[in-house]
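Per chain, numbering begins at 1; letters A, B, ... match sequence-line order.
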Amino acid sequence: MVRGSAVVPNQYTFVFILKACSCGLRTSEGEQIYVHAIKLGLDGNVYVMNVLIKMYADLGLIVLARKVFDGSISRDLYSWNSMISGYVGAGDMHGARGLFDEMPERDVVSWSTMVAGYVQVSSFMESIELFHEMLQQGPPPNEFTLVSALAACANLLALDQGKWIHVYIKKEGFKIKDRLLAGLIDMYAKCGEIEFAHTIFISVDSSKQTIWPWNSMIGGFAMHGRSQEAINAFEQMRMTTRIAPNKVTFISLLNACSHGKLVAEGRQYFKSMASFYGVQPEIEHYGCMVDLLGRAGFLKEAEDMIVAMPIPPDTIIWGALLAACRIHRASEMAERIGKVITESDPNNIGCSVLLANMYSSGGRWTEAKIIRDKLGGMKKTPGCTSIELNGMVHQFLVGDRSHPQTEQIYSFLDEMTVKLRIAGYVPEVGEVLLDIYDEEDKETALARHSEKLAIAFGLINTTPKTPIRIMKNLRVCGDCHEATKFISKVYDREIIVRDRLRFHHFKDGICSCKDYW
DNA sequence: TTAGGGTTAG
């Protein structure tokens with residue numbers, strides 16, 4: 001068009017072509033075209049400038065995007081929102097907030113971008129806070145905002161807040177479908193209310209035209225260990241709709257098989273995902289399979305799968321196999337796999353802890369000490385458990401003494417330990433950190449795990465029979481899992497624990513995972 | 001009749 005025709009491109013042309021550069025990640029063409037636009041005097045056109053901001057942001061060139069933004073003669077709401085979205089995409093919530101605070105006026109998109117941005121960087125508290133600010137002094141939220149706010153609640157285990165949003169959605173007459181429906185199902189499932197999530201899922205029938213609500217439901221069942229129901233949901237979708245499953249569907253489905261030890265089903269779904277559904281397995285799917293096979297005891301098959309993978313395996317995959325070796329006490333294989341992990345990632349804490357423990361229990365003190373010394377200098381993620389009470393989220397770290405009710409919690413814990421012992425609980429000191437040698441100290445360390453602090457806080461502050469919901473950032477430890485079984489019986493409470501990977505529902509001394517986790 | 005900003009799931 002530029003070389004061979006008499007037609008001169010106008011502002012519309014540049015918006016289309018710059019957007020193409022943006023989508024195709026073609027930096028140099030984009031910049032050449034920008035020069036054309038300048039030559040034609042279109043650098044004053046707000047549409048052209050805005051798409052240019054977006055283009056630079058999409059290309060990850062946030063500084064250049066800002067340059068265009070700052071230098072633009074005409075700026076409107078779209079310019080500000082595009083620039084904020086650029087910062088959000090770069091994970092720079094500081095930059096985003098700076099612009100958001102100084103912009104002359106904010107519309108629902110500005111607010112939604114920020115609420116979603118905080119979710120993307122896992123600043124869920126900030127996301128909810130901003131959402132509340134919006135309700136007080138901003139424009140009314142729309143579906144976009146609500147989906148993000150629900151995601152923040154889901155991640156915080158903030159059930160009361162999530163319920164409030166559900167009421168708001170109904171009160172304001174939003175049509176509950178697709179993404180919003182998925183968001184609600186996901187929020188309820190992640191807050192431990194899997195039954196209610198399912199109720200909502202079946203209550204909205206005509207509008208499940210997309211994969212989103214299905215994935216939320218299948219994923220919800222999977223994380224609650226309701227494997228057969230996850231499979232049933234998938235089969236129902238297959239038989240009654242024309243919706244195509246995607247990669248997330250299969251991750252959830254394989255996860256469900258893994259939690260339920262459904263090895264044959266898992267193998268079969270993994271096989272059919274590419275051959276029948278046309279979804280190519282990615283590293284995460286292989287990860288699910290290694291976890292499924294490994295934890296079920298098929299260590300050799302799991303390793304063969306890693307070796308035969310068309311994608312280079314990462315330390316997460318090897319880590320899944322290593323964890324399986326620990327469960328099945330396959331120390332030789334563990335040592336071999338441990339070396340593979342350490343080679344590519346010398347600072348892998350989980351791997352080092354496991355190896356050190358293994359060496360110690362095998363009496364190989366020198367080797368254990370080498371790893372232990374190295375571990376001392378590494379930064380470990382502290383165990384953290386949170387619990388919502390009256391709409392407020394309380395967090396506890398291991399041995400935390402910062403909570404206002406600390407004294408009460410610790411004396412309750414002492415009393416609780418006695419009661420649990422009488423009921424037959426025996427601490428599993430094998431799970432304690434490596435640097436404690438005294439058996440009694442080990443038990444004290446266990447008693448102060450963040451899970452137990454949060455449960456004690458919950459028992460103190462809620463009326464009898466109220467279910468207690470807690471969330472841990474890591475996997476729950478073996479001792480806490482055992483102790484919680486006893487607590488549920490001794491105190492007659494349902495205790496719902498969400499760890500990094502799944503839910504455990506404790507009731508009458510039994511856990512829903514049947515100790516397979 | 002043609003253009004520009006925000007969505008969540010493992």
Exercise. Do the ring planes of A/F250 and A/Y277 sit parallel (below 30°), tilted (30 to 60°) or perpendicular (above 60°)?
Worked result: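 Taking A/Y277 first and then A/F250, their aromatic rings sit tilted (interplane angle of 30° to 60°).
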
So which protein N/O to nucleotides 1-3 of chain B N/O distances come out below 3.5 Å?
residue	atom	partner	partner atom	Å
B/dA3	N6	A/Y12	OH	3.3

Problem set entry | A/E105, CD: over 12 other non-hydrogen atoms inside 6.0 angstrom |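 Check fails, neighbour count at 12 or below.
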
Exercise. Counting only heavy atoms not in A/I316, do more than 12 sit closer than 6.0 Å to its CD1 atom?
Worked result: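 12 or below, so no.
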
For this session: Mind listing the residues from residues 251-283 of chain A sitting with a heavy atom below 4.0 Å of DNA chain B? Number order is fine.
Result: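 When residues 251-283 of chain A is checked for heavy atoms under 4.0 Å from DNA chain B, the hits, listed by number, are A/I251, A/N255.
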
Exercise. Separation of A/D58 atom CG from B/dG4 atom C1', in whole Å?
Worked result: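 Distance check: A/D58 CG to B/dG4 C1' gives 12 Å.
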
Problem set entry | Proximity of A/H198 and A/F221 rings by center, below 6.0 Å |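 So the answer is yes for these two rings.
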
Problem set entry | Ring centres under 6.0 angstrom apart (A/H481, A/F506) |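 Centroid distance A/H481-A/F506: below 6.0 Å, so yes.
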
Problem set entry | Side-chain ion pair, A/E143 and A/K177, N-O less than 4.0 Å |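 A/K177 and A/E143: not salt-bridged.
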
Exercise. Using 4.0 Å as the upper bound for N to carboxylate O, is an ion pair formed by A/R475 and A/D499?
Worked result: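 A salt bridge is present here (some side-chain N lies under 4.0 Å from a carboxylate O).
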
Problem set entry | Candidates B/dT7, B/dG6, B/dA9 - which lies nearest the side chain of A/N215 |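 Nearest nucleotide to the side chain: B/dA9.
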
Exercise. Is A/A151 touching bases, backbone alone, or none of the nucleic acid, heavy atoms closer than 4.0 Å?
Worked result: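 Since only primed, P, OP1 and OP2 atoms lie under 4.0 Å of A/A151, the category is sugar-phosphate.
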
Exercise. NA contact type, A/V46, heavy-atom cut-off 4.0 Å: base, sugar-phosphate, or nothing?
Worked result: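 Answer is base: heavy atoms of A/V46 come under 4.0 Å of a base.
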
